[in-house]
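First up is the structure itself, then whatever we jot down about it.
Reckoned from all heavy atoms, side chains included, excluding hydrogens, waters and symmetry mates. Numbers for residues simply follow the sequence, beginning at 1.
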Amino acid sequence: MEYRFIMVDAPKYHRRSIRMKGYDYSMEGAYFVTITTFQRKCLFSEVVNGEIRLSSYGLIAHEQWNRLQKRFPPSEFTTFVIMPNHMHGIIHLVRGAGQVSKMGHEKIPSLRPYSDHNVTPGSLGAIVKAYKASVTYRINAIRGYTNPPVWQRNYYEHIIRNEREYKQITDYIEANPATWIEDRFYVPGII
């Protein structure tokens, strides 16, 4: 499959928002996302000899990422890793995600109406919100409480602009378990 990359001029000035001002995050393209657990608590896995060992919560995070493909077709969610206290993934956003049937011609309604007017259905923000909500719901059901939260507020995103960047980010995601001790999210300890 051929992917479309977005050409964007780098911002010249510091901005308060972590999103690119004026950018439409429902545009087709590849996006690198990082989502961190609340207070970087190691909920999802442990890394042993460079290999990920998912906890029961990590299995939920893994399963829900895989479910995004069914929830937001025809977008793709193939490259990702669930680390102890964060996850990295690449989202190939395709216009109409979450609104086009598998037949590709019939509009179908979203699973739930969006009450958050700041999130466009099918956008990067809507996908990340859906992922975080589904993981949170399942983990809270198991642990029997909602506080502390599962996730930090917000998420990091990077618009992937070309094949070279895509390759670098894919390599970074795949190597993340082997370089866990040097990772900026590294927290010593066990789950």
Side-chain angles (χ1 to χ4, degrees), residues 1-8 11 15-38 43-44 57-83 85-141 146 148-161 165-166 169-170 173 185:
M1 176 176 215
E2 196 172 308
Y3 298 113
R4 297 182 64 200
F5 297 99
I6 299 130
M7 299 305 294
V8 180
R15 61 189 190 280
R16 289 175 189 247
S17 172
I18 61 172
R19 304 289 161 250
M20 189 177 301
K21 187 175 182 175
Y23 183 79
D24 180 0
Y25 283 93
S26 64
M27 284 180 49
E28 285 190 19
Y31 301 88
F32 170 57
V33 297
T34 300
I35 311 170
T36 309
T37 61
F38 182 70
L43 295 176
F44 297 138
Y57 297 160
L59 290 170
I60 290 168
H62 189 275
E63 173 188 86
Q64 293 308 306
W65 185 265
N66 284 329
R67 285 194 69 232
L68 289 173
Q69 186 68 55
K70 292 178 184 170
R71 294 180 70 184
F72 295 94
S75 293
E76 294 183 12
F77 307 88
T78 54
T79 305
F80 72 101
V81 65
I82 306 295
M83 296 297 292
N85 60 6
H86 66 284
M87 70 82 55
H88 296 297
I90 296 177
I91 297 173
H92 296 279
L93 189 61
V94 178
R95 204 173 273 289
Q99 298 178 343
V100 179
S101 72
K102 293 203 186 254
M103 300 294 278
H105 55 68
E106 176 186 337
K107 292 276 186 180
I108 57 175
S110 299
L111 295 175
R112 294 185 198 156
Y114 285 82
S115 59
D116 185 347
H117 298 291
N118 295 324
V119 179
T120 303
S123 68
L124 182 65
I127 291 169
V128 172
K129 181 179 178 179
Y131 174 71
K132 289 172 75 172
S134 64
V135 171
T136 297
Y137 176 82
R138 284 161 180 79
I139 288 175
N140 286 346
T146 60
V150 173
W151 301 107
Q152 289 281 71
R153 290 190 63 181
N154 224 325
Y155 60 96
Y156 168 83
E157 56 75 21
H158 173 79
I159 302 163
I160 301 174
R161 294 173 175 90
E165 252 185 29
Y166 179 81
I169 291 168
T170 300
I173 290 171
F185 293 109

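In this structure, the side chain of Tyr131 engages the main chain of Ala61 through a donor-acceptor pair within 3.5 Å. A donor-acceptor pair under 3.5 Å is formed between the side chain of Asn85 and the backbone N or O of Phe185. Remark: side-chain polar atoms of Lys132 are not paired, donor with acceptor, to backbone N or O of Ile35 under 3.5 angstrom. With hydrogens and angles disregarded, a donor-acceptor distance shorter than 3.5 Å links the side chain of Ser123 to the backbone of Ala126.
Smallest separation of non-hydrogen atoms from His158 and Arg161: CE1-NH1, 3.2 Å. Closest approach of Thr79 to Thr170, counting heavy atoms only: CG2-CG2, 4.1 Å. Minimum heavy-atom separation, Val33 to Glu157: CG1-CB, 4.2 Å. Between Phe44 and Met83, the closest heavy-atom pair is CB-O, 3.3 Å. Contact detail for Leu93 and Ser75: the closest heavy-atom pair is CA-OG, 3.4 Å.
Once rounded to the nearest 0.5 Å, the distance linking CE of Met27 with CD1 of Ile159 reads 8.0 Å. For the atom pair CD1 (Ile169) and CD1 (Ile160), the distance works out to 4.0 Å, reported to the nearest 0.5 Å. Atom OH of Tyr25 is separated from atom CD1 of Ile91 by 12.0 Å, given to the nearest 0.5 angstrom. The distance from atom OG1 of Thr34 to atom CG of Asn154, rounded to the nearest 0.5 Å, is 12.0 Å. Interatomic distance, CD1 of Ile127 versus CG of Leu68, reported as 7.0 Å (0.5 Å rounding).
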Pair Tyr166-His92, ring-ring contact (aromatic ring centres under 6.0 Å, His included): steps then yes or no:
CA-CA 11 Å; Tyr166 179 81; His92 296 279; 5.5 Å; yes
Check the pair Phe77, Phe72 against side chain to side chain contact (heavy atoms under 4.5 Å, CB included), reporting the backbone distance first and the verdict last.
CA-CA 10 Å; Phe77 307 88; Phe72 295 94; 4.0 Å; yes
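The ring pair (Phe, Tyr, Trp, His ring centres under 6.0 Å) with Phe80 is formed by just one residue from the set His88, His62, His86; it is His62.
Surrounding OH of Tyr137 are at most 12 heavy atoms belonging to other residues, nucleotides or ligands under 6.0 Å away.
Between Phe38 and Trp151, the distance separating the two ring centers is not shorter than 6.0 angstrom.
Judged by distance alone, the side chains of Gln64 and Ser134 do bring a donor and an acceptor atom under 3.5 Å apart.
Side-chain contact between Leu124 and Tyr155: present, with at least one pair of heavy atoms (C-beta onward) separated by less than 4.5 Å.
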